[in-house]
Amino acid sequence: MEHSNFIRTIIEEDLKTGKHDHIITRFPPEPNGFLHLGHARSIIMNYTLAKAFGGTFHLRFDDTNPIKEDATFIEAIKNDIEWLGCPWDDLLFASDYFDTMYEKACLLIEKGLAYVDEQSADVIRETRGTLKEPGLKSPYRDRPNAESLALFQAMKAGDFKDGEKVLRAKIDMASPNMNMRDPVLYRIQHAHHHRTKDAWCIYPMYDFAHPLEDAIEGITHSLCTLEFEDHRPIYDWVVRECEMESVPRQIEFGKLKIANEISGKRFINTLVADGVVDDYADPRLVTLSGLRKKGVPVAAIHRFIHSLGLPKSEGETSLQMLEEEIRSELSSAPRIHLVKEPLRVTITNYPSEGEILTQAADQDETLVRDIPFSAQIYIEKDDFVLEKPNKKWKRLALGIEVRLMHAYFIKAESVVTDEAGNIIEIKATYDVRTKSGTDFNERKPNGTIHFVDAKQGVPVTYMEYNPLLIENADRSQPIDAILNSDSMKSYSAIVEPAALTLPGSYFQAIRSSYVRRDEANVFHRVVALRSSFKRS
RNA sequence: UGGGCUGUCGCCAAGUGGUUAAGGCAUCGGACUUUGACUCCGACAUCGAUGGUUCGAAUCCAUCCAGCCCAGCCA
């Protein structure tokens, strides 16, 4: 359900008052990393807000720092956004505006609002002042505009080395807002840019570039996260002083953080380096590529994001909310029998031929599947215990009768063990009168379990994913101490034949989980079924 | 007395002067059940604190407390 949100309200107001008649939003990733669930809020909100009002949505790469960025991220990011179902109307690059930005910088110099500073980075930092004390003015602050302009041109021409000079805005070294203390606008970086190649050796800083990018594109509402609130004054200053025709409005919202999940770049890099996860697309990560690999349906992500709205507060959202949306999204998936850790059951009084049981899907009567059945079947190891532990136990035990879903009642009579004493087979008997669909009601079985025919069942791999971190992990601890050793488990399993022929790739493995079948017929657990079963 | 922002149930989150303070997740009971699923019933907050304004406040004012962000030539 779509929450009303304050940004939507602002947009509606701007449309009503005629401030705008066409909304343009944008998602401005820096091509230096992978997208995760947190980004999904920004992407989806920017996209849906624009589309809700017939507006335009831009994907703009904020590629203003060549030494940190790489073209390889661009395709990955585009891929993730496409997968998310938020197609952009225009694909743009900040680097395409470098000429305009340079001209605007010159304009600021000519207006006496920017100057070339020759102090080192260290000195600039030291003279910026502290949170409580004002900064010191640079000795170069009041040099003639013409001199700054000539120097800036020389910077562009490549006459200086990295760090020798910067262009600074001339605002207020005593401002309580650190961002207004003559922020650096341009720095020298003799670096190869993935798009502009070697055309430039000076690159604009975020505070200068971003507002210009927005204004150039005619962005009406520029959404960003809360930590940029302090930057709004400089954002507005740049748009105003650069005399931009279009005046975008920056609006900040709270980041989406997922409790107990890892999305930090550094942390993930460490995990990759340590071999804990394969890469950014590991199904245990909340990166978009990881979620995609696990099989999380996009619609579930959209519902999750919309259910949270667009708050100004920053909390930690439980992943359980996403999981609930996944279950609800997948609730009508075809059901299949998947037996994890199979345990053989021989039905001693069942005829040797076997039979085919035909079963219509619960959700769709037209979807009929054949379920083979014979005297040799498999059930899950966890569905059998020697002695029924309590009266709530609704599975198989010696002397106990259960229903095999879609088949017959069976009663466990004895077990076969190996030399080590492990149970390797159950001997059971069945009652022909209890066949599924006969409305047999002389006695109640001790619950219902699922099975797969031994001969016609197909061995497959079943992958189970769990949180990467232990519960309430203390991030200050060494990684080894907070890692969940069971975060990824591979099980041998056996599925009914229909599980490989049914259309689609999402299924509900009865009594277990929603699964995604991949091209290699590996079954991935997308999310476990809910369970009110209490072990105690 | 540096600046900016936030504070409604364990976790999200509606609510903007008159409601029994929505809803979801989680939890706890119970019904139903050829999935311990689904579904359905039921339980579960006086709104960071304290004062004030008002017939009436989570919503207005004041003070206080707590948390987050800012001193990159990162974004």
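Residue numbers start from 1 in every chain, and the chains themselves are labelled A, B, ... in the order their sequence lines are given, proteins ahead of strands. Only a predicted model underlies this, so the values are computations on that prediction, with no experimental measurement involved.
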_What contact category does A:G315 fall into here, base, sugar-phosphate, or nothing, at under 4.0 angstrom with non-hydrogen atoms?_
sugar-phosphate
_P spacing across the pair B:A43 / B:G24, given as an integer number of angstrom_ = 13 Å
_Looking only at the side chain of A:L131 (C-beta and beyond, no hydrogens), which of the listed nucleotides B:C25, B:C70, B:U33 gets closest?_
B:C70
_Is there a side-chain contact between A:L330 and A:F507 in this structure, where contact means two heavy atoms from C-beta onward sitting under 4.5 Å apart?_
no
*When you get a sec, tell me which of B:C73, B:C74, B:C11 is the closest nucleotide to the side chain of A:S318?*
B:C11
*Looking only at side-chain atoms of A:R511, point me to the closest of B:U34, B:C5, B:U35.*
B:U35
*Across all strands shown, which nucleotide pairs with B:U20 by Watson-Crick or G-U wobble geometry, both distances under 3.5 Å?*
none
*B:U50 versus B:C65 - spacing of their P atoms, nearest Å*: 15 Å
*Compare the minimum distances between each of B:U34, B:A75, B:A26 and the side chain of A:M405, then state the nucleotide with the smallest one.*
B:U34
*asked:* Could you identify the nucleotide paired to B:A62, looking across every strand shown and requiring Watson-Crick or G-U wobble geometry with both distances under 3.5 Å?
replied: B:U50
*Look at all strands and tell whether A:S120 reaches a base, only sugar-phosphate, or nothing, counting heavy atoms closer than 4.0 Å.*
base
_Any N or O donor-acceptor pair under 3.5 Å from the base of B:U34 to the side chain of A:S436?_
yes
*asked:* So A:Q189, base contact, sugar-phosphate only, or nothing? Heavy-atom distance under 4.0 Å.
replied: sugar-phosphate
*Between A:Y206 and A:D62, does any side-chain donor sit less than 3.5 Å from a side-chain acceptor?*
no
*asked:* Considering every strand and a 4.0 Å limit on heavy-atom distances, what is the contact class for A:F228: base, sugar-phosphate, or nothing?
replied: base
*Starting at atom CD of A:E316, determine the distance to atom C1' of B:G67, rounded to an integer number of angstrom.*
13 Å
*Could you check which of B:C38, B:A71, B:C69 has an atom nearest any side-chain atom of A:R530?*
B:C38
*Please report, rounded to the nearest Å, how far the P atom of B:U35 is from the CZ atom of A:R327.*
18 Å
*So, A:Y514 and A:E329: side-chain donor and acceptor under 3.5 Å apart, yes or no?*
no
*Quick one: which of B:C70, B:C38, B:U35 gets closest to the side chain of A:M178?*
B:C70
*Got a donor-acceptor pair under 3.5 Å from the side chain of A:D230 to the base of B:G3?*
yes
*Of the nucleotides B:A75, B:C12, B:U34, which has the atom closest to the A:T448 side chain?*
B:U34
*Using 30° and 60° as the class limits, which term best fits the ring planes of A:H193 and A:Y203: parallel, tilted or perpendicular?*
parallel
*Using a heavy-atom cut-off of under 4.0 Å over every strand shown, decide if A:V184 touches base, sugar-phosphate, or nothing.*
sugar-phosphate
*asked:* Distance alone, cut at 3.5 Å: any donor-acceptor contact between the side chains of A:S138 and A:Y115?
replied: no
_Separation between the C1' atoms of B:A13 and B:G7, rounded to whole Å_ = 14 Å
*Per the atom types in the model, does the base of B:G36 pair as donor or acceptor with the side chain of A:R395 at under 3.5 Å?*
yes
*Classify the glycosidic conformation of B:G56 as syn or anti, calling it syn when the angle lies within 90° of 0.*
anti
*For B:G48 versus B:U59, give the span between their P atoms, rounded off to a whole number of Å.*
8 Å
*Think A:R41 forms a cation-pi with A:F253, using NZ or CZ under 6.0 Å from the six-ring centre and within 45 degrees of its axis?*
no
